[in-house]
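From a predicted model like this one, the values you see are computed outputs, not experimental measurements. Sequence positions, counted from 1, serve as the residue numbers for this chain.
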Amino acid sequence: MTPNPTLLKSVEQLDYRVTAGDVAAQAGLEVNFAQSGLLALAADAGGHLQVADSGDVVYLFPKNFRTILRNKSWRMQLQEGWQKVWRVLFYLIRISFGTILILSILLMLAAIAAIFIYINSTQDDRDDNRSGGGGGFVFLPRLWGPNVFWWFDPGYGYSTRPRRQRQPSGDNSQPQMSFLEAVFSFLFGDGNPNADLEERRWQTIGTAIRNNGGAVAAEQVAPYLDEVDIRDNEDYMLPVLVRFNGYLHVSDEGQIVYTFPELQVTARDVNPQPISPYLEEQRWRFSAASTGQILLAIGLGSLNIILALVLYALLNDPANAPQIAQLGGVVGLASSMYGLLLGYGIAFLTIPLVRHFWIQWRNSIIEGRNQQRLARAQMLRNADASLQRKIAYAHQFASQNQIGEGDLAYTTQTDLLEQNLQNSDRIDQEWQQRLESGSPPLE
């Protein structure tokens with residue numbers, strides 16, 4: 001069985017000596033899942049079990065357990081190898097869209113230039129008296145309005161006012177993606193910013209429960225959940241109880257609080273960890289590319305459409321279409337791919353436009369959920385007398401049981417006979433200390 005990556009990461013973050021409650025609180029995993037995963041990991045990676053006098057179990061792992069697992073599991077080797085290959089493939093996919101756009105533009109430019117050269121040479125043969133007059137006038141087909149190629153003429157709308165250098169935008173300390181990567185970001189964005197939302201949610205809830213000594217009121221968890229109506233009932237706590245093996249207690253006033261014994265047992269000294277007062281979803285971002293890269297991408301996409309329209313006009317010019325149709329090379333290739341070239345240019349600008357409006361709609365929903373969770377956090381911060389009594393009642397069940405080396409009754413690190421001798425010596429020492437201090441003997 002392939003170990004859960006989140007479990008492996010949690011063991012490393014907790015310094016390789018953990019309880020099931022430690023891992024569940026750190027990673028937001030279900031306690032039963034964390035316990036079974038730790039057992040399997042200990043068996044596969046040469047870990048050790050340490051059992052306290054209370055019966056609680058601590059799992060101790062060697063710091064090179066990943067290497068041990070990798071050497072034992074060909075599946076992990078294959079998975080790690082595929083991840084390296086996928087990183088390269090995904091990079092090639094990212095830059096392919098910008099590469100196709102540039103190749104499309106170059107292909108159409110080459111085809112249009114070849115057609116112009118052919119038309120110009122044909123006209124020179126037909127009308128020799130123009131060869132010395134206009135200085136090499138190039139025939140341009142008449143589209144709607146003014147000639148499109150005037151837009152690329154240096155004299156079209158020319159101004160003698162010097163242009164200012166564009167200042168680089170953004171934080172220069174952040175690495176900037178290449179233009180080909182920026183094209184992919186412009187088209188499809190940069191992924192879901194909340195892809196790890198559920199992982200963050202359960203990690204934060206586990207930490208919040210651990211910070212409160214393993215006993216909480218439902219209102220202390222509500223700011224991290226969705227679709228919660230705290231005025232109706234506390235059914236939203238059921239998934240939390242299932243995940244972390246929780247129990248409920250009812251006060252004399254009929255108020256319900258929840259305890260999580262597994263999260264009250266730890267293999268290390270646990271200090272309260274800072275967490276956000278509520279779970280905040282990240283807003284979707286249109287693109288991580290710079291403003292200059294986005295404007296350049298829009299310009300090239302527009303240029304692709306303009307060149308496609310010019311190419312269409314040349315290929316369908318009544319005076320020269322029969323002769324142009326006989327041309328091969330880049331002209332024939334561009335003619336055969338014309339539908340794809342035009343369609344790519346249109347899709348290149350349409351996809352980001354549609355995505356822009358979709359992001360606006362998506363962010364409005366996210367903002368609504370954030371405001372709801374923020375309102376619950378504010379209600380908790382400004383708790384009324386009833387809620388304060390409820391939280392105080394939960395604090396009565398709060399505790400932390402840290403299992404140290406001196407609390408162990410059994411460990412798989414050493415031989416059982418040796419442990420029995422050590423325990424016997426320890427008991428004799430405790431007897432001797434009690435007799436010397438006048439304390440009653442141990443039962």
Side-chain angles (χ1 to χ4, degrees), residues 83 85-112 143-145 148-149 151-152 166 168-171 174-197 281-316 330 333-370:
Q83 289 177 351
V85 173
W86 172 245
R87 282 196 292 268
V88 176
L89 290 177
F90 186 63
Y91 176 78
L92 295 177
I93 292 173
R94 285 177 63 89
I95 67 174
S96 64
F97 291 91
T99 304
I100 292 174
L101 176 66
I102 294 174
L103 292 177
S104 173
I105 291 174
L106 292 177
L107 175 61
M108 288 188 288
L109 282 174
I112 291 172
L143 301 176
W144 65 92
V148 174
F149 274 85
W151 298 349
F152 306 99
R166 181 183 296 272
S169 60
D171 185 4
Q174 298 294 329
Q176 191 179 44
M177 63 179 66
S178 66
F179 174 70
L180 294 180
E181 292 176 303
V183 168
F184 183 89
S185 177
F186 168 72
L187 284 172
F188 306 108
D190 305 284
N192 183 1
N194 300 301
D196 63 340
L197 180 65
E281 291 183 64
Q282 303 299 317
R283 293 171 59 88
W284 284 71
R285 186 179 179 183
F286 178 76
S287 174
S290 66
T291 303
Q293 290 173 329
I294 292 177
L295 292 177
L296 180 57
I298 294 175
L300 290 178
S302 303
L303 176 61
N304 189 94
I305 296 177
I306 293 172
L307 291 177
L309 296 176
V310 172
L311 181 62
Y312 176 82
L314 291 173
L315 293 175
N316 294 274
V330 293
L333 179 61
S335 177
S336 63
M337 298 179 58
Y338 174 77
L340 293 176
L341 298 175
L342 178 61
Y344 188 80
I346 294 175
F348 189 87
L349 298 180
T350 302
I351 292 175
L353 181 63
V354 173
R355 196 168 59 83
H356 168 74
F357 290 107
W358 180 84
I359 287 176
Q360 301 302 315
W361 169 77
R362 186 74 177 180
N363 283 341
S364 65
I365 297 177
I366 289 176
E367 187 62 26
R369 287 199 293 260
N370 284 339

> Do Asn194 and Arg283 have side chains that get closer than 4.5 Å, going by heavy atoms?
Replying inline: no
>> Set out, in order, the CA-CA distance, both residues' side-chain angles and the distance that settles side chain to side chain contact (heavy atoms under 4.5 Å, CB included) for Asn304 and Phe348, then state yes or no.
In response: CA-CA 9 Å; Asn304 189 94; Phe348 189 87; over 6 Å; no
> Closest heavy-atom contact between Leu311 and Ala111?
Replying inline: CD1-CB, 4.2 Å
>> For the CG atom of Leu333 and the CE atom of Met108, what is their distance to the nearest 0.5 Å?
In response: 11.5 Å
> Taking all atoms of both residues into account, what is the closest heavy-atom pair of Ile366 and Glu281, and its distance?
Replying inline: CG2-CB, 3.5 Å
> Which pair of non-hydrogen atoms, one from Pro193 and one from Asp196, has the smallest distance, and what is that distance?
Replying inline: O-OD1, 4.0 Å
> Around atom CZ of Phe286, are there more than 12 heavy atoms of other residues, nucleotides or ligands at under 6.0 Å?
Replying inline: yes
> Donor-acceptor pair, Arg94 side chain versus Val183 backbone, under 3.5 Å?
Replying inline: no
> Between CG of Leu307 and CD1 of Ile105, what distance do you get to the nearest 0.5 Å?
Replying inline: 6.5 Å
>> Pairing donors with acceptors under 3.5 angstrom, does anything connect the side chains of Glu181 and Ser178?
In response: yes
> Taking Thr350 for the side chain and Ile346 for the main chain, is one N or O donor matched with an acceptor at less than 3.5 Å?
Replying inline: yes
> Can you tell me how far NE2 of His356 sits from CD of Gln360, rounded to the nearest 0.5 angstrom?
Replying inline: 4.5 Å
>> Please find the pair of heavy atoms, one from Ser287 and one from Ile294, that lie closest to each other, and give the distance.
In response: CB-CD1, 4.1 Å
> So do Leu107 and Leu103 actually touch side chain to side chain, heavy atoms under 4.5 Å?
Replying inline: no
> What is the minimum heavy-atom distance between Ala334 and Leu341, and which atoms define it?
Replying inline: O-CD1, 4.0 Å
> So, the side chain of Ser185 versus the backbone of Ala182: is there a donor-acceptor pair under 3.5 Å, distance only?
Replying inline: no
> Do Leu300 and Phe179 pass the side chain to side chain contact (heavy atoms under 4.5 Å, CB included) test, and can you show the C-alpha distance, the side-chain angles, and the key distance before you say yes or no?
Replying inline: CA-CA 12 Å; Leu300 290 178; Phe179 174 70; 3.5 Å; yes
>> As an exercise, state the distance from CH2 of Trp361 to CG of Asn363, rounded to the nearest 0.5 Å.
In response: 10.5 Å
> With Phe188, which residues qualify under ring-ring contact (aromatic ring centres under 6.0 Å, His included), at least two apart?
Replying inline: Phe97, Phe184
>> Distance check, rounded to the nearest 0.5 Å: Phe90 atom CZ versus Ser96 atom OG?
In response: 10.0 Å
>> Using 0.5 Å steps for rounding, measure from the CD1 atom of Ile359 to the CH2 atom of Trp284.
In response: 7.5 Å
> Which pair of heavy atoms, one from Phe357 and one from Leu353, lies closest together, and at what distance?
Replying inline: CD1-O, 3.2 Å
>> Check whether Tyr344 reaches the backbone of Ser104 with its side chain - one donor and one acceptor, N or O, closer than 3.5 Å.
In response: no
